[in-house]
Amino acid sequence: MRLRSRKHERGAVYVEFLLAFVPVFILFLGVVQLSLVNAAQLVVREAAARACRTAIVILDDDPARHNTARGMLHGPPAPAGFFASIANALGFGSPPAPGPDGSRFAAIRAAAYVPLATLSPPTGWLLGALPADETNLEASVTGTAERYALGFAAYNRAGAIVTLREAPGSEELANDPIAPDATLTLHVTYLYYCAVPLVSGLMCSTLPNLLGGDAVRHALERMRAHPLDASQIMHQLQSDREKAQRLAHELARAENPAVLAPLMTSSGRFAVLEAEISLPNQGARYHGGYND
């Protein structure tokens, strides 16, 4: 009887250990993921600062080194077609789209891409060698030269959106040409890949969900469960949809938004990180000023 009692006691100890270990382990993973997201936010802010410091210098750089004039981020827009010209003449045409990105804007983007490349997703996941929902604690905290290079050359072109804004806090883009005494506001939006197992689904969302894919379904489920809170639920749904529309509009400003297409069918989890820096343009008038 004693032996049987001791076995029972050992089994109870194992069960108690598991009951205590599992929540503590999940809490540990949650702290790791939260720490990684906060560290990534610091990197995004540093990327915005680097790109803004580059902008206040590169916009006044020697035109001989660039394919655009001073203060210009984009080249001349493509000429409007016949029907577009008629619509514009009649006053109901759409505003002309900006021209292709110039070398000045490319240099500004590259300045942000350098630190952001350290945050790129695992190489195997980017190349499709890992499952779409692969999570790995080691991959979250380690990096390789291949991962950095692939993040800089490929992922950043869609997952990192670098823009110059009209004013701090504005959603509108700055217009060319940018005056030598203007205040430059540079904004960076980054899709950070969450790879910590078990908790990434709690702290991050898939790209379709970030774009509002499940917002209506969740709202309907909440209304069925709490019909008296319908007004509050609808207000929350409207807020979620506006946030999703803003993100979709922002992602469309990426250097190559088409790279994001595979992520729309992926179950990988992301956190949207943003940073904005404002600095006065140097207006240094290098190499003869604005008349050359």
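This is a predicted model, so every value here is computed, not measured. Reckoned from all heavy atoms, side chains included, excluding hydrogens, waters and symmetry mates.
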Can you give me the closest heavy-atom contact between [X] and [Y], atom names plus distance?
{"X": "D62", "Y": "R70", "answer": "N-NH1, 4.3 Å"}
{"X": "A195", "Y": "Q33", "answer": "N-OE1, 3.7 Å"}
{"X": "T54", "Y": "A111", "answer": "OG1-CB, 3.2 Å"}
{"X": "V43", "Y": "T118", "answer": "CG1-OG1, 4.0 Å"}

Scan the side chains in residues 44-53 for donor-acceptor partners under 3.5 Å anywhere in the protein, sequence neighbours excluded, and list what turns up.
| unit_1 | atom_1 | unit_2 | atom_2 | d |
| --- | --- | --- | --- | --- |
| E46 | OE2 | R50 | NE | 3.0 |

Extract all donor-acceptor atom pairs below 3.5 Å that involve side chains of residues 156-167 and protein atoms in other chains or at least two apart in sequence.
| unit_1 | atom_1 | unit_2 | atom_2 | d |
| --- | --- | --- | --- | --- |
| N156 | ND2 | Y113 | O | 3.1 |
| N156 | ND2 | G151 | O | 3.3 |
| T163 | OG1 | R165 | NE | 2.9 |
| T163 | OG1 | R165 | NH2 | 3.4 |
| R165 | NH1 | S170 | O | 3.0 |
| R165 | NH2 | E250 | OE1 | 2.9 |
| R165 | NH2 | E250 | OE2 | 2.6 |

Handout entry: Distance in Å, I178 CD1 paired with L59 CG, rounded so as to fall on 0.5 Å steps
Key = 5.0 Å
Practice task
Working to the nearest 0.5 Å, report the span between OG of S103 and CE of M72.
Solution key: 12.0 Å
Exercise for the section: Return each pair, listed once, that meets salt bridge (charged side-chain N to carboxylate O under 4.0 Å, His left out) where at least one residue sits in residues 107-121; pairs must be two or more places apart or across chains. Expected result: D101-R109
Practice task
Give me the ring orientation class for Y155 and F270: parallel if the planes are under 30° apart, tilted from 30 to 60°, perpendicular past 60°.
Solution key: parallel
Practice task
Specify whether Y190 and Y192 have parallel, tilted or perpendicular ring planes, treating 30° as the upper limit for parallel and 60° as the lower limit for perpendicular.
Solution key: tilted
Problem - Pair E274 + R246, salt bridge at N-O below 4.0 Å - result: yes
Practice task
Report yes or no: does R104 contribute a side-chain atom to a donor-acceptor pair with the main-chain N or O of A69 at less than 3.5 Å?
Solution key: yes
